[in-house]
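Convention: sequence-line order gives letters A, B, ...; per-chain numbering from 1.
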Protein chains: 2
Amino acid sequence: MNILSYGLLALVSRTEASGYDLMLKIQPFWQAKHSQIYPLLGSMEEQGLLSAKWIQQADKPDKKLYSITPAGTDKLHEWLLEETAPPVMRDEFNLKCFCIHLAEPSEVRRMFAGRRKYHVERMKYYKDIQDAIPQEYRNPGHIGFEDYILLQKAVMRTKASIDWIDWVEQEYGQWTAEA
Amino acid sequence: MNILSYGLLALVSRTEASGYDLMLKIQPFWQAKHSQIYPLLGSMEEQGLLSAKWIQQADKPDKKLYSITPAGTDKLHEWLLEETAPPVMRDEFNLKCFCIHLAEPSEVRRMFAGRRKYHVERMKYYKDIQDAIPQEYRNPGHIGFEDYILLQKAVMRTKASIDWIDWVEQEYGQWTAEA
DNA sequence: ACATTCATGTAATAGGTTACATGATTTC
DNA sequence: GAAATCATGTAACCTATTACATGAATGT
């Protein structure tokens with residue numbers, strides 16, 4: 001049981017879902033491809049943490065719907081109370097910052113402008129999903145609360161990244177004024 | 001040449017360094033163990049991007065100092081102008097948020113308090129390193145500028161995480177008032 | 001006609017962590 | 001006496017990405 005497995009189990013604890021559903025839902029918070037997810041679901045089924053049934057669909061491929069078992073719920077609850085692993089962040093942009101001394105000011109500016117655009121797009125992506133959550137689901141009584149606060153985190157951290165870029169452009173501009 | 005290799009090359013472009021030095025320097029921005037770093041340095045040496053010499057040290061083990069070659073500098077500069085990969089963030093805490101409905105309010109509060117403490121400690125860690133950079137190195141003329149802005153990013157994003165936790169505690173508290 | 005969405009799976013490869021291996025010096 | 005720091009390296013294992021494989025329905 002690795003971290004991703006627990007994340008999938010957590011999503012299934014909310015509503016039954018297919019591997020495909022889970023891939024889409026976990027995407028904004030943990031990048032994982034279907035090729036990683038399907039085997040994990042299979043092994044959790046074997047361990048009795050999940051149960052599955054095939055659903056026939058007209059006009060769409062059949063899907064395997066997973067539900068959490070009582071054993072799965074117990075396991076999830078144990079995990080919640082355990083120490084949480086520190087977050088891992090890997091951003092190529094940070095490493096590029098180690099050698100901005102090699103680039104000309106115009107190149108540096110283009111680099112930062114490009115990353116700013118990326119973050120602005122991300123911000124819109126998160127806000128659009130968040131805005132789609134109805135007001136009445138945004139309190140702890142609903143599972144929508146969980147999505148709502150997670151998206152808020154993404155929004156706030158993304159805003160910090162944009163603010164940082166603006167701050168750098170100011171600091172950098174002071175020393176390398178140019179049109 | 002993967003992303004980490006470029007990051008190491010970028011660090012060496014600033015000052016010659018040993019694998020051990022590089023492991024420590026890259027740590028706050030890209031988690032990598034020495035077992036991953038040493039082979040990458042070896043392969044970059046083989047490719048002619050780095051050159052190395054052994055330094056004998058009294059009272060400390062000998063070390064292998066790497067310097068960047070002209071070919072290495074060219075390669076780095078090319079990399080700088082290429083598309084930057086999107087950042088990858090994996091935080092177990094986010095996945096735990098998917099099932100806070102399973103926990104009691106006291107458990108949820110403990111969870112958030114624990115993560116808050118973690119971020120506050122990280123904040124101090126980043127600020128201490130940043131504060132150690134002399135004022136006169138904090139402008140684009142010095143390589144210290146690169147460290148200075150990167151630490152500022154870490155500080156700003158960490159602050160966003162703490163602010164988010166405070167915001168969640170407020171939102172959560174409104175609905176589950178308790179002493 | 002071509003791309004995308006839905007839907008599942010396996011195989012091969014690359015990236016990253018833990019463990020094994022060694023060993024002197026310094027700090028608690 | 002035990003732990004940490006400095007310093008390098010390899011082996012085994014786990015995690016994650018890319019590629020292979022299939023196929024109907026819908027949208028451009």
(Q) By nearest heavy atom, map B:K63 and A:W30 onto DNA chain D; which one lands nearer the 5' end? (A) B:K63
Q: Using atom CG of B:D21 as one end and atom P of D:dT5 as the other, report the distance to the nearest whole Å.
A: 15 Å
**Q.** Selection from D:dA7, C:dG9, D:dT26 that lies nearest to any side-chain heavy atom of A:D59
**A.** D:dT26
Q) Whole-Å distance between D:dG9 P and B:D62 CG? A) 11 Å
Q | Most 5' of B:H34 and A:M1 on DNA chain D, judged by nearest nucleotide | A | B:H34
Q. Want to settle it: does A:L24 or B:S35 sit nearer the 5' end of DNA chain C, counting the closest nucleotide to each?
A. A:L24
Q | Neighbours of DNA chain D within residues 11-20 of chain B, by heavy-atom distance under 4.0 Å | A | B:S18, B:G19, B:Y20
Q) Mind checking whether B:F98 and A:F29 have ring centres under 6.0 Å apart? A) yes
Q.
Just the rounded figure in Å: distance from P of D:dC6 to CD1 of B:I37.
A. 14 Å
Q | Under 4.0 angstrom between A:Y38 side-chain N/O and C:dT8 OP1 or OP2 | A | yes
Q: Can you tell me the distance, in whole Å, between the CH2 atom of B:W54 and the P atom of D:dT8?
A: 6 Å
Q.
Is it the case that over 12 heavy atoms from other parts of the model lie below 6.0 angstrom from the CD atom of A:Q57?
A. yes
(Q) If you compare every side-chain N and O of A:R90 against the phosphate oxygens of C:dG16 (OP1, OP2), does one of them come in below 4.0 Å? (A) yes
Q: Taking A:E146 for its side chain and B:H101 for its backbone only, find out whether a donor-acceptor pair lies under 3.5 Å.
A: yes
Q.
Between the side chains of A:R157 and B:D91, is the shortest nitrogen-to-carboxylate-oxygen separation below 4.0 Å, so that they form an ion pair?
A. no
Q) Do the side-chain N or O atoms of A:K60 get closer than 4.0 angstrom to the phosphate oxygens (OP1, OP2) of C:dT5? A) no
Q. Separation of B:Q56 atom CD from C:dG23 atom P, in whole Å?
A. 18 Å
Q. Taking OP1 and OP2 of D:dA7, is either one under 4.0 Å from a side-chain nitrogen or oxygen of B:Q57?
A. yes
Q) Within this structure, what is the OH-to-P distance between A:Y6 and D:dT15, rounded to whole angstrom? A) 12 Å
Q) For A:K64, does the NZ atom have more than 12 heavy-atom neighbours from other residues, nucleotides or ligands under 6.0 Å away? A) yes
(Q) Would A:R116 and A:F112 count as a cation-pi pair here, with the cationic atom under 6.0 angstrom from the ring centre and within 45° of the axis? (A) no
Q. How about B:E136 and B:H142: does a side-chain donor come under 3.5 Å of a side-chain acceptor?
A. no
Q. Can you tell me how far P of D:dG9 sits from NZ of B:K33, to the nearest Å?
A. 19 Å
Q. Is there a donor-acceptor pair closer than 3.5 Å between any side-chain N or O of B:T69 and the backbone N or O of B:G48?
A. yes
Q: Taking only the side-chain heavy atoms of B:P61 (C-beta and beyond), determine which of C:dT10, D:dC6, D:dT18 contains the nearest atom.
A: D:dC6
Q: Would you kindly give the CG-to-P distance between A:N2 and C:dG15, to the nearest whole Å?
A: 20 Å
Q.
Please tell me if B:Q36 has a side-chain N or O lying less than 4.0 Å from either OP1 or OP2 of C:dG15.
A. no
